[in-house]
Participant: 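One structure, pasted below without further comment.
Every heavy atom of this structure was used, including side-chain atoms; hydrogens, water molecules and symmetry mates were not.
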Amino acid sequence: MASSRWVVASSTMGKRRREPRKSSSATPPRIVSQRDPRLPEPTPDQIIEAKRSRRNRESPTFATAKGFDDYLEWFAASSDPFAEAFLASHVQSRDAVIAQDGREEVRPLPPEKVEKLRSLATTSIQRLTDKQQAAMDQLRSLVDGLDPLPLICGMIFATRAERWSSYFEPDTMPRDLDLELVVSIVASSPIPESWRPCQVDDWRTVSEAAKEVRMWAYTLSLAYDYANESSPESTFRREMLQRWLAYRGDAYTPHATSLAESLAQGKEQTLLDRCGYGVDDLIRLGSRITNRWNQRLTPALAAAWDAAAKVLDEAPSSIGAASDDFKHLWYEGVLTALPWVMGTPLGALGADTDNDRARAMVEDLGWRPGEAPAFTSVFVDVPQRTKPFMILPSPRGKAGPDVALLVHPAALTTDLHLTVESLLSKKIKNWERARADAVDAHVLGLLKEALPGSVGYSQVFIELAKGRAEIDGILLYEDIVIVMEGKGAPLKTAARRGGVNQYITQLKLLISEGSSQLDRDYHYVMNGLPAKFYKTANSSRPLIEVDGSKVRRCYQLLPTLDGLADIGTRVRRLNDWGVLDARCRPWIVGATHLNVVTDTLRRPAELLGYLEFRERWVGHPQLVILDELEMLALYLYQVDLDQRLTMLGPNSGSIMHMPHQYEFDEQYAYLEGRGISVPPLRIKTTARVRRFVDELQRTRPDGWLASATAAFQIPITVATALDLMQSTLAREAKVDGIATWSDGTHAIIVIRSHDSARTISSRRLQQAAARYVVSIVLEQKGGRTHLKQVIYNGSAPKN
């Protein structure tokens with residue numbers, strides 16, 4: 001137990017000096033996501049839609065990915081040499097898919113095809129850049145002077161008609177950029193003497209022009225990739241521009257809300273004094289606007305549909321099956337209704353949102369046309385990122401009251417923590433320090449919630465040769481220690497959207513120093529006899545002491561405010577860029593992604609087993625793991641990565657598993673009351689292994705945590721083999737005293753029942769276990785075998 005392993009000393013101090021940072025062991029309010037029991041159950045129509053959506057999202061492939069197909073169609077019509085060559089090569093690769101041993105493999109392009117693409121890409125960079133800029137100029141000329149309210153409402157509708165969660169998937173189109181482009185141009189353009197009416201044809205023309213900018217930007221990202229293929233930055237630039245060309249939320253709403261509240265904790269009165277509203281007001285406003293849209297949009301669309309059907313005497317099953325006349329008439333009705341559905345007159349804000357502070361929020365977090373800096377590139381920071389409202393002329397013309405329109409909905413939902421961070425950075429003195437403290441305390445609270453009985457402190461000091469140094473956090477649980485060095489600054493838009501040099505520079509600022517500090521902290525813990533931690537830089541007595549000889553594992557955690565574009569699962573890339581030392585494997589994770597992990601892995605052995613699993617695989621050169629949730633999915637499914645890598649071969653390419661993001665999306669859609677009930681996400685293992693871990697966690701004998709976490713390193717294939725082979729191995733053990741099966745990485749060891757305790761600790765068994773990463777020890781007793789122990793040996797040589 002924790003109390004028997006750690007020496008916890010309470011400080012007895014007299015009159016204290018003012019402390020530079022307040023050490024805290026307080027846990028923030030409960031932050032495990034739960035479904036509100038007051039939420040209504042989904043309607044039959046919602047259930048049908050959710051099931052349809054799941055079928056469409058479970059297995060996106062190159063052949064069915066409608067988002068990428070849209071790009072391919074555009075490539076074919078672009079008349080650009082590089083785009084046409086890429087299209088031809090892609091089609092050739094797709095057609096070369098072969099089935100082998102139940103797996104699909106894509107044959108690589110012939111070297112001559114790759115060389116042709118490299119050659120074309122090298123000469124195309126400037127041409128594609130010019131075409132992207134020309135498309136941007138064309139879009140600006142089309143937007144200037146148009147009545148912005150119906151135009152932007154139409155763009156919001158076109159972008160968000162299909163509800164997204166927190167992720168870009170291969171079968172969806174990242175059209176948020178189209179909306180951002182139009183909003184940014186309106187926000188930076190001076191108000192004309194009179195607005196031109198925005199008709200359906202204007203809206204659709206602007207939409208197509210925005211798409212052109214996005215398509216050229218994507219093509220340019222491909223060209224950069226092939227032109228610089230030998231550089232370690234090239235592939236990442238392509239991935240960044242594909243996934244983050246549009247700035248989208250990287251959190252689920254409850255996690256973003258929880259982190260936003262932690263950021264503002266203790267600063268609410270300052271916000272009220274300086275802004276006239278607080279974070280709770282922002283949460284209520286976002287919820288009110290979202291509910292208002294949900295309640296009004298569907299009836300408005302249905303009314304427009306019925307009107308078009310009545311006028312044209314046509315009853316199409318969907319807009320795709322409708323005639324051109326029907327589409328045009330329906331769009332006219334939609335475009336007319338949207339300003340009334342989505343916009344709110346400024347004078348009605350208080351009553352409509354049930355919040356008398358709404359007017360202050362919209363004025364403070366909103367732009368009027370012409371107020372924003374000039375928008376010249378997809379790489380500049382968009383104005384609506386920090387001010388998500390626009391204040392626009394009434395749909396009745398300038399005679400009516402101005403209207404408030406939420407043009408960046410994610411800012412009050414999945415990006416709420418970033419919105420609040422931006423707001424506080426302008427209102428709170430020394431905000432960078434306060435932000436770091438808040439992120440550290442939030443993350444420590446998540447871990448303490450997941451590890452009941454743990455001891456954790458943020459902002460404590462350690463004794464070094466050059467004097468005391470501060471560490472951001474330490475958590476002690478049983479025989480493990482987690483040291484933490486947090487970095488609170490969010491990524492800038494230029495870096496997030498593919499500015500590789502800016503991105504690497506930011507990563508070095510956010511990660512390199514933190515990783516060095518974690519390395520220092522690790523050695524301080526493991527070499528300390530004991531390692532002492534102090535509440536302040538001047539404390540005479542330690543707050544806590546740790547005997548490093550009793551620490552089985554020390555994990556290094558580097559939490560961040562946002563996900564840093566999901567770089568935390570690509571440490572090999574960080575090694576290549578010089579951001580991380582080659583031997584370092586810190587857990588670099590956004591606070592909101594960590595919240596998903598602690599939501600999903602509710603018991604200590606599950607969470608600490610994930611830390612072992614993650615540390616083991618995160619740096620493998622042949623594994624491509626897109627983000628933290630995909631890493632978590634591999635763990636939940638207990639994928640036999642050793643087996644798959646062996647089948648692939650050491651120099652035969654890489655493995656990237658298909659996304660399982662939809663399962664997390666479904667879970668949180670249900671918790672938020674907008675999806676059907678789904679089974680909770682849990683580790684997929686056999687009943688035997690689960691019973692073993694449950695019993696260990698219940699009884700907690702000596703060494704229980706090491707054995708329980710090791711059990712979650714047993715892939716489902718090996719756990720299944722264990723059930724199939726136990727009888728055969730038991731018969732062998734009767735004869736030889738011990739029987740062993742191994743696949744080179746995992747071993748199943750069966751011993752005879754008599755004197756089993758001595759056998760388990762015997763040199764013969766320990767030597768057998770030392771050869772394997774995971775050893776599963778069973779006791780043969782009569783006609784049955786009982787799982788007694790699992791040993792994890794991360795330093796074992798691969799056979």
Participant: Distance from Y635 atom OH to L611 atom CG, nearest 0.5 Å?
Facilitator: 9.0 Å
Participant: Taking side-chain contact (heavy atoms from CB on, under 4.5 Å) as the criterion, tell me which of E628, M484, Q556 meets it with W587.
Facilitator: E628
Participant: Are the ring centres of F692 and H786 closer than 6.0 Å?
Facilitator: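 Not under 6.0 Å, so no.
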Participant: Which is it for E615 and R583 under the salt bridge (Lys or Arg N to Asp or Glu O under 4.0 Å) test, yes or no, and what are the steps along the way?
Facilitator: CA-CA 11 Å; E615 192 175 83; R583 59 189 172 79; over 6 Å; no
Participant: For Y637, look at atom OH and say whether over 12 heavy atoms of other residues, nucleotides or ligands are found less than 6.0 Å away.
Facilitator: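 Yes, the 6.0 Å shell around OH holds more than 12 heavy atoms from other groups.
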Participant: Restricting to salt bridge (charged side-chain N to carboxylate O under 4.0 Å, His left out), what partner residues turn up for R698, sequence neighbours left out?
Facilitator: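 With neighbours one apart ignored, the set is E695.
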Participant: Run the numbers on D599 and Y252 for side-chain hydrogen bond (donor to acceptor under 3.5 Å, both in side chains), then give the verdict.
Facilitator: CA-CA 12 Å; D599 262 2; Y252 291 106; over 6 Å; no
Participant: Is there a side-chain contact (heavy atoms from CB on, under 4.5 Å) between L476 and V546? Walk through the geometry before answering.
Facilitator: CA-CA 9 Å; L476 319 173; V546 179; 3.9 Å; yes
Participant: With V439, which of L444, L561, T560 fulfils side-chain contact (heavy atoms from CB on, under 4.5 Å)?
Facilitator: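 Single side-chain contact (heavy atoms from CB on, under 4.5 Å) partner of V439 among L444, L561, T560: L561.
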Participant: What do the steps show when you test D547 against S549 for side-chain hydrogen bond (donor to acceptor under 3.5 Å, both in side chains), and what is the final call?
Facilitator: CA-CA 5 Å; D547 184 346; S549 65; 2.6 Å; yes
Participant: I'd like to check the salt bridge (charged side-chain N to carboxylate O under 4.0 Å, His left out) partners of R572; sequence neighbours left out, ordered by chain and number.
Facilitator: none
Participant: Can you sort out the partners of E732 under salt bridge (charged side-chain N to carboxylate O under 4.0 Å, His left out), two or more places apart, ordered by chain and number?
Facilitator: none
Participant: Grab the two heavy atoms, one from I714 and one from Q638, that are nearest each other, plus how far apart they are.
Facilitator: O-OE1, 3.0 Å
Participant: Evaluate the side-chain contact (heavy atoms from CB on, under 4.5 Å) criterion for residues R573 and W577: first the C-alpha distance (whole Å), next the side-chain angles of each, then the deciding distance (0.1 Å), finally the verdict.
Facilitator: CA-CA 6 Å; R573 195 162 284 166; W577 292 342; 3.4 Å; yes
Participant: The criterion is salt bridge (charged side-chain N to carboxylate O under 4.0 Å, His left out); which residues satisfy it with R731, sequence neighbours excluded?
Facilitator: none
Participant: Can you name the side chain to side chain contact (heavy atoms under 4.5 Å, CB included) partners of S515, sequence neighbours left out?
Facilitator: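 Partners of S515 under the side chain to side chain contact (heavy atoms under 4.5 Å, CB included) test: L580, C584, P586.
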Participant: Checking the side chain of T709 only, and the main-chain atoms of L608 only, is there a donor and an acceptor separated by less than 3.5 Å?
Facilitator: no
Participant: Output, in order, the C-alpha distance, side-chain angles, deciding distance and verdict of side-chain contact (heavy atoms from CB on, under 4.5 Å) for E485 and L557.
Facilitator: CA-CA 7 Å; E485 295 289 350; L557 175 61; over 6 Å; no
Participant: When you look at CZ of R682, are more than 12 heavy atoms from neighbouring residues, nucleotides or ligands closer to it than 6.0 Å?
Facilitator: no
Participant: Please enumerate all residues that pass side chain to side chain contact (heavy atoms under 4.5 Å, CB included) together with T717, with sequence neighbours excluded.
Facilitator: D640, Q643, P715
